Each structure stands twice: as structure tokens, then as C-alpha cells.
2 protein chains.
Amino acid sequence: MEELAESSRYQSQKQLAIRSAASVFAEKGFHGASTKDIAERMGIKQGSLYYYFKSKEEALGEVCLFGIEDYVERMKSIGSSDQPFETKLMATITSHLTSYRERNEALKVHNDERLYLPEDKRAKLKELGSRYRQQLEKIFEEGARTGALRGTIDCHFAAQAVIGMCNGWGDIIVREPELDLFDLIQKCTDLVLNGFIERRKTRRDGSDAVEQQRTIKSNKD
Amino acid sequence: MEELAESSRYQSQKQLAIRSAASVFAEKGFHGASTKDIAERMGIKQGSLYYYFKSKEEALGEVCLFGIEDYVERMKSIGSSDQPFETKLMATITSHLTSYRERNEALKVHNDERLYLPEDKRAKLKELGSRYRQQLEKIFEEGARTGALRGTIDCHFAAQAVIGMCNGWGDIIVREPELDLFDLIQKCTDLVLNGFIERRKTRRDGSDAVEQQRTIKSNKD
DNA sequence: CCTATATTCTATAGAACTATAGAATATCTT
DNA sequence: AAGATATTCTATAGTTCTATAGAATATAGG
């Protein structure tokens, strides 16, 4: 009688509260956003907001964690699916980029405002992020085992680089609603798989021509 | 007699003020950082800070613009140098990643706190960022012209993706001082040039085998 | 309609923060 | 040393913000 009351109009405002907070945090940053701003966006008075959150930090916490579990879960199911490496990679990139459009404010906040979170939530968020990265790392490791990847690939690096690149598109995706997300997903996947350089030229010597990757001259020091 | 007084101890504190502000902004965010925090990190009292900045926003502005022109300039000189595409790309990645270690707080602030800047500085920063991206885009375009790049590469995408990936390493570079930056630079360059997948298998059919890039199956809809 | 519960409101205490003014001290130049 | 300039300090006005308490209103179920 008190656990789940989905049917009534009661309780239904909590999600609106989280979304309002997310949107104001995204716009003004955590400290720039006042509880008055959030309440007004939600259509209530400043004091009333404390019915939903017992502090501003808690509001940020709920915003940051809102839906993130699902997101990590999705990553996990991609990893354990039966698809070839290329497909898993593309699915990951799809999931990551798409989520920016689906829940833009929340993710933007998640990226920028971690540091204002109370310690426990920050730890949880860090752990979820780490789980997410490890999941992707496993996909790369499997790709390496099955020979889909070049042997020299550092899987830890690879996972981090892909996540970084995807996050780099986050702001742009949020700012430019007309951007063709599917096109972007394909290009990102293509970059990660194939890189940018041409490989037309065939070897002149009779060697095995196992690798045609170009190496780059070090210009260190 | 009033323009340049480099030798005296006067004037020398301004840079410290900017660095202090940068470091506190990076830690706590713009609104989270109080002028008291900044002053204390600098070793002076709160009120004294206003000798250097006439407002907190101005401090943020100086932090964000501090050194950025040089940075964009360096990018330009890379672009106009006489090196092959691969070298230019690596130089870009080197410059970008190295700058995080050199001036970590300032760049972190630059990424996160743009939105609190007064309009004019924000515009300037946006313009500098845009110049930076265009410069990199030109390098890609030249690579495409000379045949170093695959014909299908979208240079605008490419520039943005590389910048995004580099920024993704920013936090990590700042947080982990023991990280081997040169190793990271090489891996990033390698990824962008070659991608991750193996290309060992040679074609069975007698075709020209011009491209061995794998394409990925669309799983849209 | 009545009771219980959920939601919102008003009003405010108390804390923190920005920016300014003017006095005080330090450093430079001659 | 003396005057000029640069830097820092103290003290404070005025503003804004968070969080709480308790009253008021809305909704649900019998």
C-alpha cells in the first residue's frame, strides 16, 4: 500500500523534479543553478522543492544517477551478445551517442558536475563509469583473441579512446538537433575500425605484406 | 617607464593570480569557487584579489584566454609546415595532449566553464576554438588531396573526432601524472591513422584488392 | 463526507559571498 | 632618505542563497 503507487497522480512529480534539476544544472552549472531556478522550471516555489530533495547535492546526485544503471546494463548486454566484434563496437557507439540525444541534460551534467557530488554518489558514479569502460575493454579483448584486432592494440587505451571520442560529440549532439546521428555513428565506427589513411599502394618487395600500416616518425625532443 | 617593468617584483603577481584562479576554478567550478578561495590559494586576503581582477567573471575570462592564442598559433604553424600528413597529425596530437600537462587547470576550466563567461570573451573563445578546428581540418584536406587519406574521409568529422578524443584524455592526463604521455601520443596517432582492425587476410579472388577496409553491417531499424 | 496522506505554500533564520572604500605597508626610483 | 607607485589589508554594505518549520491545499479511499 505504500511501496508502489504508480496509478495515482501522487509520486508522478518526482521524475519531473529530476528532469527540471537536470535541465537547470546543465544550463547554469551546479553552483550557478539556484533551488529557486529549479523550482520555477518545475512550476513550484523554492521551498517546495525540498519535498523532493533534502538538499541541493542530493538533487544533483539523483540527476547524475538517473538512468545510468540502465545505460551500463545496456553496455553489458552488448558485450555478452553473440555478434562479431565490428557489430559490438558499432552497437556501443550507437548506444553512447544516442543516449546524448535521449537524455541530453542529464548526461551533460554527468560529465561536468561530478565534482560537486557527495562522496558516496561520486564513488558510485565512478564505479559505474569504470564498469562501463571495462565492459568495452572486454569487447576489445575478445576482438584481439579472435584475431579481429591487430595484435598491437592496447585494449585499455582503445576503450578509453572510444569513450573519449564519443563524449567529445556529446556537446555537439546536444547543441545541434539537426545533426544526422546515424551518419555520425557510422563515421565513428569506421574511424575506429579502419583509421583514416589510404592503403592502396601494394608492396614492391616480395615480402609477406602482412601489415601495411604506416608507422609514424617520432619527433620527440 | 610604465609599459614594461619586467625586472621588478611588481607586476609579477598577476600571473600567479591567474594560475590560482585557474586552479580553484578547476577544482570547484566557477560558482563553487569563492574569491576567498582564490585569494587564499594565492596567499592574499579576499578583498585584495580585486586589485588584479575587477570581478570574478573577469578572472574567469583571463583564465580561459590565458595562453590560448599561443596554442592556436602553434596549431597554425604545424599546418603550414612542410611535413607529411602523418607527421602533422602527430604534431597536432602532441601539442594538444602535452598542453594538458603544461597548463592543466586552465584547459580544464576552458572546457567546463565556458558558460559563465561574459559574452565577449565567450565569443572570442569560441572563435579561437573554431580556428583551431579549421586548422586541423585543413591538414586533413591536404592529406586527402595528396592521397594520404582514404577518399571517403569527411574532414570536418575527422578534425572534430580527433579533438574530441584528445579532450577525452585531458582529465586523465591531469589526474594521473605518471601516465606516459609519449606512449599515449603514439597510440592516439596510430588509432587515427590505422584504426584497430587486422588486415592480414589477403583477398582470395583475383580482384585488385584496392581496399581491404571492412565495412560494418548497419543495424539501424 | 471524512480521514489519511501527499503536495505545495509562506515566511524566515542564518550563512556565505561579491565588491568597494580607505588605510596601511611594501617596493621602486632618484 | 623621500616621494611615487604598487600591493595588500581591514571592515563592511548589500545581496543572494539554502534549508527548515508550520500552515494550507489537493487527492485518494472507504
Side-chain angles (χ1 to χ4, degrees), chain A residues 1-25 27-64 109 113 115-119 121, chain B residues 1-25 27-63 109 113 115-118 121:
Chain A
M1 205 61 58
E2 56 208 309
E3 299 282 59
L4 302 167
E6 205 62 58
S7 56
S8 84
R9 202 167 296 168
Y10 284 155
Q11 201 68 281
S12 63
Q13 296 284 87
K14 176 72 188 233
Q15 185 153 328
L16 176 61
I18 295 176
R19 287 189 177 279
S20 302
S23 127
V24 179
F25 284 147
E27 241 171 63
K28 307 194 169 188
F30 177 66
H31 286 97
S34 71
T35 52
K36 186 157 182 282
D37 294 330
I38 298 169
E40 272 171 4
R41 177 138 328 173
M42 196 185 157
I44 61 177
K45 300 286 176 175
Q46 184 264 336
S48 307
L49 194 67
Y50 284 74
Y51 178 74
Y52 296 104
F53 310 110
K54 70 171 185 291
S55 74
K56 196 178 158 189
E57 278 77 11
E58 185 180 291
L60 180 63
E62 301 226 25
V63 166
C64 287
V109 172
E113 312 281 2
L115 60 156
Y116 310 125
L117 282 175
E119 191 49 52
K121 302 230 175 164
Chain B
M1 203 59 57
E2 57 207 309
E3 301 282 60
L4 302 167
E6 205 61 57
S7 57
S8 84
R9 202 166 296 167
Y10 283 156
Q11 203 66 283
S12 64
Q13 297 283 87
K14 176 70 189 238
Q15 185 154 327
L16 176 61
I18 294 176
R19 287 188 177 280
S20 303
S23 125
V24 178
F25 285 148
E27 244 172 60
K28 307 192 168 190
F30 177 67
H31 285 97
S34 72
T35 52
K36 186 157 181 281
D37 294 331
I38 298 170
E40 272 171 5
R41 177 140 325 173
M42 197 185 156
I44 60 176
K45 301 285 176 174
Q46 185 264 336
S48 308
L49 194 67
Y50 284 75
Y51 178 73
Y52 296 104
F53 309 111
K54 69 171 187 292
S55 73
K56 196 178 158 187
E57 278 78 12
E58 186 181 289
L60 180 63
E62 301 226 25
V63 166
V109 172
E113 311 282 3
L115 61 155
Y116 310 124
L117 283 174
K121 302 230 174 165

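Chain A is the first sequence line, chain B the second, and so forth, proteins listed ahead of strands; every chain is numbered from 1. Keep in mind it's a predicted model, so treat the numbers as computed, not measured.
Here A39(B) lies out of heavy-atom contact (under 4.0 Å) with every strand. Residue-level contact check: A59(B) touches neither bases nor backbone, having no heavy atom under 4.0 Å from any strand.
Looking at Q46(A), its side chain comes within 3.5 Å of the base of dA19(D) through a donor and an acceptor atom.
Contact check for K28(A) versus H31(B): no side-chain heavy atoms found under the 4.5 Å cut-off. Counting only heavy atoms from C-beta outward, the side chains of Q13(A) and M42(A) approach each other to under 4.5 Å.
Once rounded to the nearest 0.5 Å, the distance linking CD1 of I18(B) with OH of Y52(B) reads 11.0 Å.
Listed pair K56(A) / dT18(D) meets the phosphate criterion, a side-chain N or O lying under 4.0 Å from OP1 or OP2. Phosphate contact (OP1/OP2 of dC9(D), side-chain N/O of S48(B), threshold under 4.0 Å): present. Dashed line: the shortest gap from a side-chain N or O of Y51(B) to OP1 or OP2 of dT7(D) is under 4.0 Å. Contact annotation: Y50(A) does not reach the phosphate of dT20(D) (side-chain N/O to OP1 or OP2, under 4.0 Å).
Straight-line distance from the CZ atom of F53(A) to the C1' atom of dT8(C): 15 Å, rounded to whole Å. We find that NZ of K36(A) is positioned 20 Å from P of dT20(D), with the value rounded to whole Å. The separation between I44(B) atom CD1 and dC9(D) atom P is 6 Å, rounded to whole Å. In this structure, H31(B) places its NE2 atom 11 Å from P of dT18(D), rounding to the nearest Å. In this entry the distance linking CG of L49(B) with P of dA11(D) reads 19 Å, nearest Å. Rounded to whole angstrom, the span from the CG atom of L16(B) across to the C1' atom of dA6(D) amounts to 16 Å. The nearest whole Å value for the distance from the CD atom in E58(A) to the C1' atom in dA19(D) is 13 Å. In this structure, CG of L60(B) is placed 15 Å from C1' of dT18(C), rounded to the nearest angstrom.
Distances were taken from every side-chain heavy atom of Q13(A) (C-beta onward) to each of dT8(C), dT18(C), dT18(D); the shortest belongs to dT8(C). Distance from the side chain of E57(A) is smallest for dA19(D) among the nucleotides dC17(C), dA19(D), dT18(D). The side chain of T35(A) sits closest to dT18(D) out of dT18(C), dT18(D), dT8(D). For K45(B), whose side chain is taken as the heavy atoms from C-beta onward, the closest listed nucleotide among dT8(C), dT8(D), dC9(D) is dC9(D).
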Original post:
Hey, mind stepping through V24(A) and S20(A) against side chain to side chain contact (heavy atoms under 4.5 Å, CB included) and telling me if it holds?
Top reply: CA-CA 6 Å; V24(A) 179; S20(A) 302; 5.5 Å; no
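In the displayed structure, K36(B) atom NZ is contacted under 6.0 Å by at most 12 heavy atoms of other residues, nucleotides or ligands.
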